[in-house]
Participant: 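Sharing a structure, written as structure tokens. Questions coming.
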Amino acid sequence: MTRAEMYPSSATVSGDLEEKKRKQPAGLAKDGGGGALVVTTGIATWVVSLIISNAARVIIDENGETAWILRFIFTVLGYATVFLPCYVLIHLSQRHNLHTLGGCQWRLLRLILTGTTSEVVAESDLSPARLSNTNVQTLYQKALSLFYCCAGLQVSYLLWGILQEKIMTREYTDGDRIERFTDSQFLVFVNRILAFLFSGIYLLLTHQNVHRTPLYKYSFCSVSNTLSSWCQYEALKFVSFPTQVLAKSAKVIPVMLMGKLVSRTQYKNYEYATALLISVGMTAFLLGTGGDKKGNNVTTVSGAVLLCGYLIFDSFTANWQSALFKDHKPSSVQMMCGVNLMSCLFTSASLIQQGGFFYSLSFAARHPIFIMDCLLTAVSSASGQLFIFATISKFGPVVFTIIMTVRQGLSILLSCLLYQHHLSSLGILGVFIVFLAIFLRMYYAQQHRKRKLEENEISAGKV
């Protein structure tokens with residue numbers, strides 16, 4: 001190696017830097033106003049959404065039963081004002097490799113596109129020594145841990161269900177003024193922002209593997225997750241809480257249909273049989289709940305459509321999150337944090353566009369008890385998510401499903417006791433059939449796994 005190669009002159013170094021600078025913005029120069037295009041897309045989307053919103057107000061009665069269609073349009077358009085500009089930004093960045101540029105100004109873009117702010121991802125967190133470093137618990141400790149998880153799930157989600165029904169179906173009084181809260185989007189926002197804070201604090205206080213999931217990939221399941229929650233809150237305006245809980249228990253049916261159509265998944269005979277049983281139980285329950293004395297839980301077409309929307313969006317969320325776990329292997333709390341972060345962005349944009357913050361805060365000022373209901377709902381939802389992750393990681397999905405199935409039954413019972421929902425004998429039979437089908441499904445799934453494990457052991461012994 002020559003001296004000139006070992007000690008390049010300042011002119012040579014400056015020449016190299018100039019060449020590097022000319023190469024880095026080449027992509028930007030080619031597209032000219034990349035940033036201007038992103039801003040223009042955002043403004044154009046906002047203007048178009050306002051035009052469509054005003055046109056929808058003329059066509060649809062805001063005070064009628066179909067007003068939820070109008071609110072759904074507003075919500076989707078609000079999400080589009082965030083989604084489309086971000087799509088343009090990501091497309092330009094991937095096309096010109098902008099996330100590979102140096103400087104702190106590109107770290108956020110690198111986080112969005114690659115899931116980490118560093119260019120080199122450490123592998124030490126996935127070493128076998130670290131993964132195998134687990135504490136062995138005694139039977140007493142396992143039983144105590146299971147009790148805490150079970151109690152945490154039951155308390156969190158029972159409280160969440162009761163408060164959810166209270167906020168969306170009960171009237172708040174302010175002197176002579178009686179009114180109901182109608183903005184489902186605000187409730188979704190409060191739940192998501194508190195869940196994001198809970199998961200973020202948990203990530204800061206505990207050791208986690210290096211995050212590798214591009215943030216923009218959370219946006220797809222975030223949109224479906226927020227829309228499923230929105231449909232869930234809106235449905236309570238048209239159907240009773242017990243109907244909603246039982247419909248959520250039947251979400252295995254759309255999940256199977258989506259898996260069959262999208263992934264070409266093959267299902268066992270017992271899975272089809274239990275899905276049919278759930279359908280029969282749901283039909284019996286709906287036929288047996290038409291005689292409510294107060295008339296506040298008559299199942300309408302709008303309620304049925306919203307419940308179907310919930311099931312479809314929730315099924316997509318589960319399938320997308322499964323794909324993210326498989327491809328990028330984030331931890332459950334990292335997934336919770338990422339999805340809720342994107343949900344906060346989408347819902348806040350939609351609320352700003354619709355004036356939802358002003359309406360909700362004005363309502364809270366008139367009814368201070370509403371603030372407490374919102375906070376308790378958000379805290380119970382966020383803590384429930386943490387208990388979900390803890391239960392699945394320690395005891396597996398079967399134990400978690402059993403606990404949540406019991407919780408759903410208790411939710412129906414508490415709702416009927418607190419809010420006087422009428423259940424006929426046919427309705428009670430329908431509830432029994434649905435939960436029987438769920439337990440049968442879990443039992444046969446467990447038996448199938450045992451047989452498969454035994455067959456693998458026999459095959460390994462022969463080899």
Participant: So which of S229, S222, S348 actually passes side-chain hydrogen bond (donor to acceptor under 3.5 Å, both in side chains) with S343?
Facilitator: S222
Participant: Could you tell me if the side chain of W68 sits less than 4.5 Å from the side chain of S184, heavy atoms only?
Facilitator: no
Participant: Do Y148 and F387 come close enough that some side-chain heavy atom pair is under 4.5 Å?
Facilitator: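 No, side chains not in contact.
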Participant: Pick from T347, T75, V76: which one makes a side-chain contact (heavy atoms from CB on, under 4.5 Å) with W230?
Facilitator: T75
Participant: Is there a side-chain contact between S219 and F346 in this structure, where contact means two heavy atoms from C-beta onward sitting under 4.5 Å apart?
Facilitator: yes
Participant: Is there side-chain contact between Q385 and N340, with at least one heavy-atom pair below 4.5 Å?
Facilitator: yes
Participant: Identify the heavy atoms of D183 and S360 that sit nearest to each other, and give their distance.
Facilitator: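 D183 and S360 have their closest heavy atoms at OD2-OG, 3.9 Å.
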Participant: Go through the steps for Q232 and Q164 under the test side chain to side chain contact (heavy atoms under 4.5 Å, CB included), then give the verdict.
Facilitator: CA-CA 10 Å; Q232 178 179 320; Q164 175 185 254; 2.6 Å; yes
Participant: Find the distance between CZ (R192) and OG (S381) and round it off to the nearest 0.5 Å.
Facilitator: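 Separation between the atoms: 6.0 Å.
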Participant: Side chain to side chain contact (heavy atoms under 4.5 Å, CB included) between L386 and M336: does it pass, once the steps are laid out?
Facilitator: CA-CA 9 Å; L386 292 177; M336 176 182 173; 4.0 Å; yes
Participant: In terms of side-chain heavy atoms, does S224 have a donor or acceptor partner in W320 at a distance below 3.5 Å?
Facilitator: no
Participant: Are Q321 and T317 linked by a side-chain donor-acceptor pair shorter than 3.5 Å?
Facilitator: no
Participant: With no hydrogens and no angle check, do the side chains of S156 and S380 hold a donor and an acceptor under 3.5 Å apart?
Facilitator: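 Short answer, no.
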Participant: Hey, do the aromatic rings of Y310 and Y233 have their centres closer than 6.0 Å?
Facilitator: no
Participant: Take L227 and V223 through the side chain to side chain contact (heavy atoms under 4.5 Å, CB included) test and state the conclusion after the steps.
Facilitator: CA-CA 6 Å; L227 286 177; V223 169; 3.9 Å; yes
Participant: Looking only at heavy atoms, what is the nearest atom pair of G384 and L153, with distance?
Facilitator: O-CD2, 3.8 Å
Participant: So does Y202 have more than 12 non-hydrogen atoms from other groups sitting under 6.0 Å from OH?
Facilitator: no
Participant: So which atom in Y218 and which in Q334 form the shortest heavy-atom distance, rounded to 0.1 Å?
Facilitator: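 That closest heavy-atom pairing would be OH-O, 3.8 Å.
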Participant: Parallel, tilted or perpendicular: which fits the ring planes of Y172 and F363, with parallel below 30° and perpendicular above 60°?
Facilitator: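 Ring orientation, 0 to 90° scale: perpendicular.
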Participant: Specify the closest pair of heavy atoms between L163 and D373, including all atoms of both residues, with the distance to one decimal.
Facilitator: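 Minimum heavy-atom separation between L163 and D373: CD2-OD1, 3.9 Å.
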Participant: Counting C-beta onward and ignoring hydrogens, is there a side-chain heavy-atom pair between K268 and H448 closer than 4.5 Å?
Facilitator: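 Yes, close enough: below the 4.5 Å cut-off.
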Participant: For the pair K329 and R212, evaluate side chain to side chain contact (heavy atoms under 4.5 Å, CB included) and give the outcome as yes or no after the intermediate values.
Facilitator: CA-CA 8 Å; K329 296 178 174 56; R212 304 159 187 266; 5.9 Å; no
Participant: Does the separation of the ring centres of Y359 and F186 fall below 6.0 angstrom?
Facilitator: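 Y359 vs F186: aromatic centres not under 6.0 Å.
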Participant: Near Y444 OH, under 6.0 Å, is it more than 12 heavy atoms from other residues, nucleotides or ligands?
Facilitator: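 It does not: Y444 OH has 12 such atoms or fewer within range.
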Participant: Backbone N or O of T182 within a donor-acceptor pair of the K237 side chain at under 3.5 Å?
Facilitator: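 Looks like yes, one N/O pair under 3.5 Å.
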Participant: Which atom pair, heavy atoms only, marks the closest approach of I167 to L187?
Facilitator: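 Answer, listing the atom of I167 first, then L187: CG2-CD1, 3.6 Å.
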Participant: Are any of the side-chain heavy atoms of R71 and Q185 separated by less than 4.5 Å?
Facilitator: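 Sidechains of Q185 and R71: no contact.
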Participant: Within the 4.5 Å heavy-atom criterion, are F238 and V301 side-chain neighbours or not?
Facilitator: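 In short, these two side chains do not touch, never coming nearer than 4.5 Å.
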Participant: If you count the non-hydrogen atoms of other residues, nucleotides and ligands that lie under 6.0 Å from CZ in F325, is the total more than 12?
Facilitator: yes
Participant: Distance check, rounded to the nearest 0.5 Å: I371 atom CD1 versus L361 atom CG?
Facilitator: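 Going from CD1 on I371 over to CG on L361, the span is 8.5 Å.
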Participant: So K217 and P214, do their side chains get closer than 4.5 Å, heavy atoms only?
Facilitator: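 Of all side-chain heavy-atom pairs linking K217 with P214, at least one is under 4.5 Å.
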Participant: I need the minimum non-hydrogen distance between V190 and C374, along with the two atoms involved.
Facilitator: CG1-O, 4.0 Å
